[in-house]
Asks: 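First the structure, then my questions, so here it is.
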Number of protein chains: 2
Amino acid sequence: MEYEQLKLDNQLCFRLYTAARLTMGAYHPYLDPLGITYPQYLVLMVLWEQDKQPVNDIAHKLFLETNTVTPLLQRMEKAGLVKRTKGKEDTRQRIVSLTKKGIEMREQAKHIPECLSNEIIQITREEEEFVRMIPSLDKLIQGLKKQQTNQKH
Amino acid sequence: MEYEQLKLDNQLCFRLYTAARLTMGAYHPYLDPLGITYPQYLVLMVLWEQDKQPVNDIAHKLFLETNTVTPLLQRMEKAGLVKRTKGKEDTRQRIVSLTKKGIEMREQAKHIPECLSNEIIQITREEEEFVRMIPSLDKLIQGLKKQQTNQKH
DNA sequence: CAAATTTATATCGTTCACGATGCAAAAGTA
DNA sequence: TACTTTTGCATCGTGAACGATATAAATTTG
């Protein structure tokens, strides 16, 4: 079986890729009414935890590149969720802060994590094994992140 | 802690999303020389396993929508990897088949899965716990897929 | 202090991903 | 057989994701 490994069935990455897409899809019923996308929801969670952050910090916390986050923030600014102001000590920075609308959305989003986890329990009849995946995923993420930032030089 | 669950740290989906992106990134050093992307690699794996499939079958095996796969295949056709011919019994179908170039690429790609799994082992110093994630991810994928196809009516 | 380098962000081009819509062929129905 | 519905694929528009590149401000260096 020379090509046995080249089968979809045997591949972890394909499963991660698919699981991530479908899980993001599961957020649709909750995010559509708020008029936001999943990546925008991630940005909001970062800002709800700590308001007024430069683009770089947000990107770093989401493991995204700034050239992904910048247009994302521009769309969110157009939607009235955030403001982007020039930094005071460092004028190269853009400090991103929540608008009233962005702050208030936290209240509406409060129950989303619980809803999602309930859905996953209902779908899979098992929560424990997903909680158990978390440390493994973290290890993978940290390792890949380190590896890939090293590769850039 | 009213908003405790609205923290990135507590979310499985964010980890899946990030792990999937970074893992796809880990394929870059192997796929760039072949001139293909990760989703194109997935399509090739589907066709290597069984040549001459309609668009719908490919999309279904990858858990993607046909309106994602169609442009993907068009790009792959332009790159000379696949041919798309009209179906004979059902002329609505487009049968996708590998070209010589597409077939030959299998030989060059043969070692990619092994390389990737070696990298993950090296990065995380542990393979077992990732292998253990596979059934959980499959359960999640199957459950979400069923749920989301039901939701469409 | 001037020049070179680094840093923070933005812009551009390409590829996904997918909802909405369109269209022609096939299948089901009156 | 005519009509309706379904199916298979394509097109369009929007929003990511990211490599490459640009630009201005800060930092380092000579």
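Lettering of chains follows the sequences in order, A, B, ..., and the numbering in each one begins at 1. Everything numeric here is computed off the predicted structure, so don't read it as measured data.
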Asks: Residues from residues 42-51 of chain A sitting under 4.0 Å of DNA chain C, heavy atoms only?
Replies: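 None - not one residue of the stretch has a heavy atom sitting under 4.0 Å from the strand.
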Asks: For the pair made of NZ in A:Lys86 and P in D:dA24, what is the distance, rounded to whole Å?
Replies: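 It is 11 Å, rounded to the nearest whole Å.
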Asks: My understanding is that only residues two or more places apart in sequence, or in another chain, count here; which of them pass side-chain contact (heavy atoms from CB on, under 4.5 Å) with B:Ala19?
Replies: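 side-chain contact (heavy atoms from CB on, under 4.5 Å) list for B:Ala19, sorted by chain: A:Leu16, A:Leu137, A:Leu140, A:Ile141.
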Asks: Restricting to side-chain contact (heavy atoms from CB on, under 4.5 Å), what partner residues turn up for A:Glu114, sequence neighbours left out?
Replies: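 By the side-chain contact (heavy atoms from CB on, under 4.5 Å) rule, A:Glu114 matches A:His111, A:Asn118, B:Gln5.
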Asks: Report, as a single string ordered 5' to 3', how protein heavy atoms within less than 4.0 Å touch nucleotides 8-17 of chain C: B base, S sugar-phosphate only, - not at all.
Replies: SBSB---SSB
Asks: Just checking, is any N or O donor in the side chain of B:Tyr17 or B:Gln11 under 3.5 Å from an acceptor N or O on the other one?
Replies: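 There is no such pair (donor and acceptor under 3.5 Å, judged by atom type) between the side chains of B:Tyr17 and B:Gln11.
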Asks: List for me each residue that meets side-chain contact (heavy atoms from CB on, under 4.5 Å) alongside B:Gln74, sequence neighbours excluded, and say none if there are none.
Replies: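 Partners of B:Gln74 under the side-chain contact (heavy atoms from CB on, under 4.5 Å) test: B:Thr70, B:Pro71, B:Arg84.
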Asks: Rounding to a whole Å, what distance do you find between B:Lys145:NZ and C:dC18:C1'?
Replies: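 About 11 Å, once rounded to whole Å.
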Asks: Just how far, in rounded Å, is C1' of D:dG15 from OH of A:Tyr27?
Replies: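 The answer, rounded to whole Å, is 18 Å.
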Asks: How many whole angstroms separate atom CD of A:Glu89 from atom P of C:dT7?
Replies: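 For the pair A:Glu89 CD and C:dT7 P, the rounded distance is 18 Å.
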Asks: For residues 31-45 of chain B, which side-chain donor-acceptor pairs fall under 3.5 Å, sequence neighbours excluded?
Replies:
residue: B:Thr37; atom: OG1; partner: B:Gln40; partner atom: N; Å: 3.3
residue: B:Tyr38; atom: OH; partner: A:Phe14; partner atom: N; Å: 3.3
residue: B:Gln40; atom: OE1; partner: B:Thr37; partner atom: N; Å: 3.4

Asks: Give the rounded distance in Å between these two atoms: NE2 of A:His28 and C1' of C:dG19.
Replies: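 Roughly 8 Å, once rounded to whole Å.
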Asks: Rounded to the nearest Å, what distance is computed from the CG atom of residue B:Asp32 to the C1' atom of nucleotide D:dA20?
Replies: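 So the two atoms are 13 Å apart, to the nearest Å.
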Asks: For A:Leu62 and A:Val46, what are the C-alpha separation, side-chain angles and deciding distance, and is it a side-chain contact (heavy atoms from CB on, under 4.5 Å)?
Replies: CA-CA 8 Å; A:Leu62 298 178; A:Val46 168; 3.7 Å; yes
Asks: Starting from C1' on C:dG19, measure out to CD on B:Gln148 and report it in whole angstrom.
Replies: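 Roughly 13 Å, once rounded to whole Å.
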Asks: For the residue pair A:Glu119 / B:Gln147, report whether a side-chain donor-acceptor contact shorter than 3.5 Å exists.
Replies: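 The answer is yes; a qualifying pair exists.
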Asks: Any carboxylate oxygen within less than 4.0 angstrom of a Lys/Arg side-chain nitrogen, looking at B:Lys110 and B:Glu107?
Replies: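 Counted as a salt bridge, because a side-chain N and a carboxylate O are separated by less than 4.0 Å.
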